[in-house]
Amino acid sequence: MIRVEWLYWLVGLVFVVMAVQMAKDRTNPKRWTSAAFWGLLGLTFPYGTGVTGTEGFTLPAEPLGVAVLALIVLAGFNFIGKGVPVTTTEEERTASAARLGNKLFVPALTIPLVAIVCASLLDGSGLFETGKATLIGLGVGCVVALVVGMLVTGERRLSVPLTSGRSMLESMGAALLLPQLLSVLGSIFALAGVGTQVGKLVNDVLPDGSKYAAVLAYCLGMFLFTVIMGNAFAAFPVMTAAIGWPVLIQQMHGNEVAVLAIGMLAGFSGTLCTPMAANFNIVPASLLELKDQYGPIKAQLPTALALLGCNIVFMAIFAV
Amino acid sequence: MIVLLGVLVVILGFVTRRNPVLVVGVAGIATGLLGRMDPQAILAAFGTAFADSRSVTVFAVVLPVIGLLERYGLREQARTLIGKLGRLSAGRFLTVYLLVRQITAAFGLNNLGGPAQTVRPLVAPMAEAAAERTGGAKLPDRLREKVRSYAASADNVGLFFGEDCFIAIGSILLITGFVNSTYHQNLEPTQLALWAIPSAVCAFLIHGARLLLLDRKLEREMAATAAENAYPLPDASKEAGK
């Protein structure tokens, strides 16, 4: 049986191999600290197996906590750099695109195709760990797509995709880690009782047993909290612990899948409206050399508000 | 109530534009301390939550494949493919991009678009060119900004309301990860992805309509600017003969 932890080990291995490449890359002015950051991140993946205790061995969580703080320091004080990307020239790419044509899309489409086949046909076949078929499917899809990609392009060196992937990793930088850190923050908020406190505040003002008021509170809460936190991922655990789970699902017996899925989308409307979501709203403004750094937000605002309305209506009709 | 100060740390951090990774770290520690957790428990919480949310970062295994394909001209081929879509107005072009972005994101191909990968080199210039072609004059700066802003917005709306229809995407995994571990449920990502489809349809209809309305706005404002500055509008018959 293929287990999800094997996928995590593969991810960890990819990071460690790329970290070794970075350590050797003299074009990167911060090569040692960059390698330390990505290497350490890679090691957290197999170590995490022990923390979750899902493979028959357990390791204490505190050292991993220390490692996470080290990652935060390395990323937070700008110790991560990037080297000069090793790639092909514009002419070479145009020539190879002309030669390979739409065949280039085949490996890219292999990934979702394999993931969907694994999730729908092979789930429950005993081949994959129960309930993890989609995630494992993504990993299997990538391995298959890499093989297909190397066949299609005629590339024989495994170092080529790894080097190209590393350049993309370097250009993304610490932003790659932010979603995982935000879910850590969400979990700390939950442990420290932020969700409960927000829930108390809301319950004081919420009319008893009114499902529409509760839907409104959950969706608007997701929206506003996302505007503040800049990320629906951080708002989700807080608002779900405050209203979504206790009120809409437990008290009012809402359809849990619909409540949670639509709640997250209400948060996405918030992401469209906030400068805190810098990577989506402020970075494009600077990339496009706009004088008004809020240009993209202004273009998105009416759509975001209309969609927030749609999600509130959907949840009120279908979910509770 | 005092734990809510942790939220304040995040707000202040972002308002003063600190490094987001650092802000999140400091807010986490501060909230833990305010919630009266001892330092060891905070470290353990950091470690456990980080291990539990590893699925969010799993998408990194996609990078070597996409990196390989980009090296062999994936972007150039995408440009050729888009170029075959013919003569479009700015609004129609951006609506097509919105649709393509939504569909590809729904298939998990998030990295095919993005402000750096497609919007700056590809989508914004093409939209501007289309607007200038239909308007028959150079875009005034204000309208150029508007077209570029809408190009960025098409990318964001398409991504946000497309990706949740895919099962192995961060937010779906975050929902299942959080709910399954916190409330001991066994939610399936596939069901969540299905519930994202109605919103995805609405997103396309609403933002698509607004992108099409952009054409009219551009047309009106360009005509007004042309009249003000007495720029000669190109002769329509000559234009057609090119």
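By convention in this document, chain letters (A, B, ...) are assigned in the order of the sequence lines, proteins followed by strands, and residues within each chain are numbered from 1. Worth knowing before you read on, the calculation uses all heavy atoms, side chains too, and leaves out hydrogens, waters and symmetry mates.
Only the side chain of Leu7(A) comes within contact range of chain B, with heavy atoms under 4.5 Å apart. Using a 4.5 Å cut-off between heavy atoms, Leu201(A) contacts chain B through its side chain alone, with no backbone atom that close. With a 4.5 Å cut-off on non-hydrogen atoms, Val23(B) does not touch chain A at all. Both the backbone and the side chain of Leu260(A) come within less than 4.5 Å of a heavy atom of chain B. Both the backbone and the side chain of Val184(A) come within less than 4.5 Å of a heavy atom in chain B. Both the backbone and the side chain of Arg148(B) come within less than 4.5 Å of a heavy atom in chain A. Proximity to chain B involves both the backbone and the side chain of Val66(A), based on heavy atoms less than 4.5 angstrom apart. Both the backbone and the side chain of Thr240(A) come within less than 4.5 Å of a heavy atom in chain B. For chain B, the nearby part of Phe15(A) is the side chain; its heavy atoms alone come within less than 4.5 Å. Residue Thr110(A): no heavy atom, backbone or side chain, is found under 4.5 Å from chain B. With a 4.5 Å cut-off on non-hydrogen atoms, Leu169(A) touches chain B through its backbone and its side chain both.
For Gln40(B), the side chain to side chain donor-acceptor pair (under 3.5 Å) partners two or more places apart in sequence, or in a different chain, are Glu62(A). In this view, Phe160(B) and Phe268(A), Phe280(A) satisfy the ring-ring contact (aromatic ring centres under 6.0 Å, His included) rule, not counting sequence neighbours.
Of the N and O atoms on the side chains of Glu155(A) and Thr153(A), not one donor lies less than 3.5 Å from an acceptor on the other residue.
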